[in-house]
Amino acid sequence: MTHVYIDRIGEFVGQTVTIKGWLHNRRSSGKIHFLVVRDGTGFLQVVMGKNDVPEETFKAADHLSQESSIIVTGTVREDQRAKGGYELTAHALEVVSTATDYPITPKEHGVDYLLDRRHLWIRAERQTAILKVRHEIINAVRDFFNHQGFILADTPIFTPAACEGTTTLFPVQYFEDETAFLTQSGQLYNEANAMALGRVYAFGPTFRAEKSKTRRHLTEFWMVEPEMAYADLNDVIALAEGLVSSVVARVLDKRATELKVLERDTSKLETVTTPFPRLHYDEAAKILLDKGVPFQVGGDLGGTDETVLSQQFDRPVCVTHYPAAIKAFYMKPDPNQPDRALCVDVLAPEGYGEIIGGGQRLDDYDLLLQRIKEHQLPPEAFEWYLDLRRYGSVPHGGFGMGIERCVTWICGLEHVRETIPYPRMLYRLYP
RNA sequence: UCCUCGGUAGCUCAAUGGCAGAGCAUCCGGCUGUUAACCGGAGGGUUGCUGGUUCGAGUCCAGCCCGAGGAGCCA
């Protein structure tokens with residue numbers, strides 16, 4: 001019998017097919033069973049009448065437990081009474097394996113309970129929808145860069161020292177007597193790759209050992225980091241706008257079903273077209289102060305500040321020219337305003353906060369060395385990085401985009417923890 | 001690390017200092033179009049841990065453990 005996947009079931013109306021999956025839910029009226037089956041690609045209601053199947057089969061279906069793995073053969077029918085518009089009238093049922101006492105019942109559960117059973121929670125319709133949007137976003141990101149001629153050049157996960165020295169890193173024992181650290185950014189290596197290949201991107205996991213306990217933080221998250229040689233801040237902003245708008249358009253186009261499952265208000269995504277509004281740090285500060293937000297001018301934008309700013313616009317907003325003092329050592333100062341960095345943060349709408357951080361890099365050897373010393377970083381660890389300014393230094397820049405924050409925003413979620421199959425957070429390493 | 005909130009049946013939650021309960025899940029029975037189906041019945045408890053106040057503590061007090069949200073920091 002033809003094995004078909006549920007997402008293609010509409011192509012088989014009137015035909016007898018087999019679906020292989022798991023029992024998601026079951027209802028019965030005594031002489032007719034309704035089995036909701038999922039197979040990873042979707043959910044399908046199987047109807048089994050008492051007179052349609054052998055008595056043993058009908059009885060087996062009556063006692064079938066949630067998440068038991070089953071193979072069902074039947075005739076595909078169009079039926080408006082079924083969610084999704086199609087149904088399968090069962091002729092045969094094979095129980096592959098019986099599940100007993102599946103812990104995630106059709107009623108509500110607490111977050112802690114669900115996170116302890118994340119390996120099972122991901123079977124839920126809502127969770128599969130999120131993971132499919134994540135998949136689409138990642139593919140859209142890769143396509144965006146690949147189509148523009150960027151070269152994927154991944155950066156190491158074991159690193160010898162802090163990239164920026166400001167955030168906490170996870171130490172790893174590296175053979176006998178050396179300590180390595182899990183990367184917090186591939187950016188420094190990305191700069192070297194850009195000098196070799198012109199325009200590059202790295203895409204991989206990133207680790208932050210900060211004890212952040214908020215809905216925006218994971219200790220392990222995925223980041224895409226493009227870097228361009230011969231580029232200035234405007235080029236970086238244009239690239240960020242192009243990336244974000246194309247990712248949103250792609251998800252709207254390909255994942256309408258999933259966004260509907262998530263009850264996402266897509267009108268808030270349809271406005272995400274270029275150009276994005278740009279705010280100089282000083283303008284951002286003025287908006288905050290005018291709104292009565294107790295903002296400390298000269299400091300970084302906090303979560304509340306980002307929320308207030310992003311709510312002023314119907315699309316992501318680019319905030320530029322932060323004080324150089326609060327930015328990383330490798331940021332290039334603005335020649336017209338040397339206490340400011342040529343940097344940009346992109347804040348997602350609806351209060352979702354920073355999804356992109358980047359800017360133009362410091363390309364002057366002497367100034368870079370001075371900054372390294374000012375930040376009390378060991379210059380010998382950055383010899384290779386300084387080489388990039390010794391041998392053919394050029395203006396260059398790039399940014400990092402956090403995938404999970406992007407998924408959170410596009411899906412309209414409350415928390416990043418649902419955007420990755422197995423979230424790693426402060427106090428959560430299982431499963 | 002700091003601030004706030006929480007921990008009671010497998011799950012989600014009730015319970016004025018006075019007999020520890022409901023819905024769902026599970027098991028049994030009923031129902032031929034259900035949509036988190038519904039109806040009837042049954043089983044199910046070390047109220048996070050330790051100590052204290054009290055005739056009496058799920059409830060009040062102290063300490064501890066665990067979790068959530070937020071701050072800082074960041075994508």
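Naming: A, B, ... by sequence-line order, numbering from 1 per chain. If you're wondering where the values come from, they're calculated on a predicted model, not measured in any experiment.
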Asker: Looking at A:Arg117, does any N or O in its side chain come under 4.0 Å of the phosphate oxygens OP1/OP2 on B:G10?
Answerer: no
Asker: In terms of the angle between their ring planes, are A:Phe43 and A:His24 parallel, tilted or perpendicular, with boundaries placed at 30° and 60°?
Answerer: perpendicular
Asker: Provide the distance between the two P atoms, one in B:C24 and one in B:G41, to the nearest whole Å.
Answerer: 12 Å
Asker: Report yes or no: do A:Glu227 and A:Gln187 form a side-chain donor-acceptor pair below 3.5 Å?
Answerer: no
Asker: Expressed as a whole number of Å, how far does the P atom of B:U59 sit from that of B:G23?
Answerer: 26 Å
Asker: Classify A:Gly357 by what it touches in the nucleic acid, base, sugar-phosphate, or nothing, heavy-atom distance under 4.0 Å.
Answerer: sugar-phosphate
Asker: Within less than 4.0 Å of OP1 or OP2 of B:U32, is there a side-chain N or O belonging to A:Lys50?
Answerer: no
Asker: Between B:A75, B:G33, B:U34, which nucleotide has the shortest distance from any of its atoms to the side chain of A:Leu218?
Answerer: B:A75
Asker: Between B:A71, B:A25, B:U34, spot the one nearest the side chain of A:Phe34, thanks.
Answerer: B:U34
Asker: Testing A:Val224, A:Val244, A:Asn146 for side-chain contact (heavy atoms from CB on, under 4.5 Å) with A:Val141, which one passes?
Answerer: A:Val224
Asker: Between B:U8 and B:C66, how many Å separate the two C1' atoms, rounded to a whole number?
Answerer: 16 Å
Asker: For A:His217, report the nucleic acid contact type (base, sugar-phosphate, nothing); a contact means any heavy atom under 4.0 Å.
Answerer: base
Asker: Select base, sugar-phosphate, or nothing to describe what A:Asp300 touches, counting heavy atoms under 4.0 Å on all strands.
Answerer: sugar-phosphate
Asker: For a quick check of understanding: with a heavy-atom distance under 4.0 Å over all strands, which category does A:Met223 fall into, base, sugar-phosphate or nothing?
Answerer: sugar-phosphate
Asker: Would you please determine if the base of B:A75 is stacked by A:Phe221, with stacking meaning a centroid separation under 5.5 angstrom and planes under 30 degrees?
Answerer: yes
Asker: Report the residue (A:Arg428 or A:Asp305) whose heavy-atom-nearest nucleotide on RNA chain B is the more 5′ of the two.
Answerer: A:Arg428
Asker: Considering only the C1' atoms, how many Å lie between B:U46 and B:A36, rounded to the nearest integer?
Answerer: 33 Å
Asker: Among the candidates B:U34, B:C74, B:G72, find the nucleotide nearest to the side-chain atoms of A:Lys211.
Answerer: B:G72
Asker: Could you tell me how far B:G6 sits from B:C49 if I compare only their C1' atoms? Round to whole Å.
Answerer: 16 Å
Asker: Expressed in whole Å, how much space separates the P atoms belonging to B:U16 and B:G7?
Answerer: 13 Å
Asker: What's the closest nucleotide to the A:Asp101 side chain, out of B:U26, B:U34, B:A75?
Answerer: B:U26
Asker: Using atom C1' of each nucleotide, how far apart are B:C74 and B:A15 to the nearest Å?
Answerer: 44 Å
Asker: Pick the closest RNA chain B nucleotide for A:His415 and for A:Glu404 by heavy atoms, then say which residue is nearer the 5' end.
Answerer: A:His415
Asker: Suppose you measure atom P in B:A71 against the same atom in B:U54; what distance do you get, rounded to whole Å?
Answerer: 44 Å
Asker: From the list B:G72, B:U32, B:G67, which nucleotide is the closest neighbour of the side chain of A:Thr214?
Answerer: B:G72
Asker: If you check the A:Arg216 side chain, which of B:U34, B:A75, B:C74 turns out closest?
Answerer: B:C74
